[in-house]
Amino acid sequence: MLRGLLSFSSMTMISRVLGLVRDQVITTTFGTNAVTDAFWVAFRVPNFLRRLFAEGSFATAFVPVFTEVKETRPHAELRELMSRVAGTLGGVLMVVTALALIFAPQLASLFSSGVDTDPVKHGLLVDLFRLTFPFLLFVSLTALAGGALNSFQKFAMPALTPVILNLCMIAGALWLAPQLGGTPEKQILALGWAVLAAGLLQLLFQLPSLKGINLLTLPRWGWRHPGVRKVLTLMVPTLFGSSVAQINLLLDTVIAAQLTDGSQSWLSLADRFLELPLGVFGVALGTVILPALARHHVSTDKTGFSNALDWGLRTTLLIAVPAMLGLVLLAEPLIATLFQYRQFTAFDTRMTALSVYGLAAGLPAFALLKVVLPAFYARQDTRTPVRAGIAALVANMVFNFALLAVLYHVMVPDALKAQGVMVALGKQPGLHLALGIASALSSYLNLGLLWYWLGKTDVYQRKPGWAGYVTRLLLACAAMVGVLLALLYGMPGFTGMDKWHRIGNLALLVGAGGLTYVVALVAMGFRPRHLREH
């Protein structure tokens, strides 16, 4: 599992770094305004559905069934399962994509603010939806191929595939947008075309690897195939359980549409900062551990199942806790250094930092969910995550409105309140902070419920040494925080620095904080072999 994690993480790191470059190019080229908000909304909706299939319910339902057939039946049956699942998934998603193209105007109305008075923005969002939605079909079939490759312990190629999307979007912003010319509304369509092209290229990129394991077959409709039925039976309940964070993000998008222009972009950029630790470690751990847990369950190896889960929990905490603290302390330095150029202003830096503060607080919960959920799905238990997911989903909406109400009364001046609630929400910047905090709180609730029910199953027995492990982790984090606070105290504000001073000071902060954390762990006796032992 450690080798698989390193393989997946190294490839994902390339993708996440390019994703960061992609967002730098987009924000410095287009800024944060109603036009970029329209693109992020049009990209986020199909991307939400992608995560539902690629990293959520489809993967968690398909991998255990695929692994069971792989371990217990002839390869011919595995090829038949692959063919039938691909045909059925592709057929369903073609219908979903067609409906989205037909009802794009209605979708645009749902995710827009003030569209009745601004037909240009509404029309732009409709055009972008029609360009980005076919991405869902291609990338979901790519996820199917990736799940099969992961079950054969081939993690590098699926993890590297998202690089194609980032490269296409960078090319769209730098090359295609100037070719389209005209207004920003015309130029932003280049990003929609880039997303469409990337979806097709990602699928083609996976096909040689599938052929290498003799699973490249023609898709065939298989609604009545027993393997397909089993995947669907497991998948439908997991729509909530494995994708609560993404559903929350989608609902946040609807609410953010009522807030001031730029809110969608600030939230999207904040999500990028969480993608690095979540993608490189959280999703990587979940991807690697699910086939391992499924194998232990099929072979009724309870000790192996418990040990694998224990290893996943320890590894997650080792990364997620310091990442959370680092993001909270260094949000503004990171954003200013990476994005504050040309169209992206100091005000945008401060507003994006507010989003990072809220979302980063939930990073340990987001990451731990990637490890705890496979413990249920590997045993083909989909009901329990649904119960926790629905509770978290409802709680997120309650938190959203409650925190918005609190910030409304604290931040909005009386003169603006007098113009009405909806007008005040649309004009007062900073209210999007409520959405980030609500997502974090609901994720902790989701994790707490799952942990409570996991304890009742008796499938996980905590290995010795947890008290010492957590103590070393917390002391190392405290040392890192102390060093970062001392350095930040002696530095001027990052939004007022020039580029090279920002880069130098940020390198000092990140280097000193990371080195302090590692040295403190080593000084207290932590060694890499401690991870291998679990």
Side-chain angles (χ1 to χ4, degrees), residues 11-47 50 97 101 104 108 120-121 123-139 142 157 159-208 261-262 264-266 268-269 271-273 275-276 279 335 337-345 348 352 499 503:
M11 295 300 102
T12 305
M13 175 69 81
I14 297 171
S15 170
R16 292 299 186 261
V17 170
L18 273 174
L20 191 62
V21 174
R22 175 197 82 188
D23 288 354
Q24 283 180 306
V25 169
I26 292 172
T27 53
T28 55
T29 302
F30 297 103
T32 56
N33 47 52
V35 170
T36 47
D37 277 2
F39 168 72
W40 287 122
V41 170
F43 181 55
R44 189 178 295 160
V45 175
N47 204 43
R50 172 191 71 84
T97 302
L101 298 181
V120 174
K121 289 183 185 178
L124 173 62
L125 193 50
V126 171
D127 291 340
L128 285 168
F129 267 132
R130 285 176 172 158
L131 284 173
T132 58
F133 239 97
F135 173 75
L136 170 63
L137 171 62
F138 296 125
V139 83
T142 303
M157 198 60 68
L160 188 61
T161 301
V163 166
I164 295 171
L165 173 64
N166 295 325
L167 290 174
C168 286
M169 291 177 70
I170 291 170
L174 294 180
W175 174 75
L176 184 56
Q179 303 298 318
L180 296 178
T183 63
E185 286 81 3
K186 288 184 179 179
Q187 292 187 354
I188 202 75
L189 292 176
L191 297 180
W193 284 108
V195 170
L196 178 60
L200 179 58
L201 291 174
Q202 283 180 321
L203 178 58
L204 295 175
F205 186 68
Q206 295 279 40
L207 299 185
D261 283 347
Q264 304 280 14
S265 300
W266 299 327
S268 293
L269 289 177
D271 191 47
R272 168 59 52 192
F273 284 97
E275 284 294 325
L276 181 63
I335 296 162
T337 304
L338 293 171
F339 295 112
Q340 193 182 312
Y341 307 101
R342 295 172 60 190
Q343 302 298 321
F344 196 91
T345 65
D348 292 319
T352 305
K499 176 176 68 175
I503 293 172

Do the non-hydrogen side-chain atoms of I335 and Q340 ever get within less than 4.5 Å of each other? no

Of all heavy-atom pairs between C168 and A194, which one has the smallest distance, and what is that distance? O-CB, 3.2 Å

Any chance you could measure F39, atom CZ, to D127, atom CG, to the nearest 0.5 Å? 14.0 Å

Donor-acceptor pair, side chain of T28 and main chain of V25, under 3.5 angstrom: yes

Main-chain N/O of W40 paired with Q264 side-chain donor or acceptor, under 3.5 Å: no

Indicate whether the side chain of D348 and that of T345 have a donor and an acceptor atom separated by less than 3.5 Å. yes

Say whether, by atom type as modelled, one donor and one acceptor occur between the side chain of T132 and the main chain of G192 under 3.5 angstrom. no

Using 0.5 Å steps for rounding, measure from the CD1 atom of I170 to the CG atom of L191. 11.0 Å

Is the backbone N or O of S265 less than 3.5 Å from a side-chain atom of D37, with the two atoms forming a donor-acceptor pair by type? yes

Distance check, rounded to the nearest 0.5 Å: I26 atom CD1 versus F43 atom CZ? 8.0 Å

Acceptor/donor pairs from residues 199-206 side chains to any protein atom, 3.5 angstrom cut, sequence neighbours excluded:
residue : atom : partner : partner atom : Å
Q202    : NE2  : T161    : O            : 3.4
Q206    : NE2  : T161    : OG1          : 3.4

Are any side-chain N or O atoms of R22 and backbone N or O atoms of N166, one a donor and one an acceptor, separated by less than 3.5 Å? no

Can you check whether T352 reaches F339 side chain to side chain, under 4.5 Å on heavy atoms? no

Roughly how far, to the nearest 0.5 Å, is CD of Q179 from CG of L174? 11.5 Å

Using modelled atom types and a 3.5 Å cut-off, is there a donor and acceptor pairing between side-chain atoms of N33 and backbone atoms of T36? yes

Tell me the closest heavy-atom pair linking L196 and P134, and the distance in Å. CD1-CB, 3.6 Å

Reported CG-to-NZ distance for the pair L180 and K186, which is rounded to 0.5 angstrom: 9.0 Å

Do you know the tightest heavy-atom contact between F30 and A177? CZ-CB, 4.0 Å

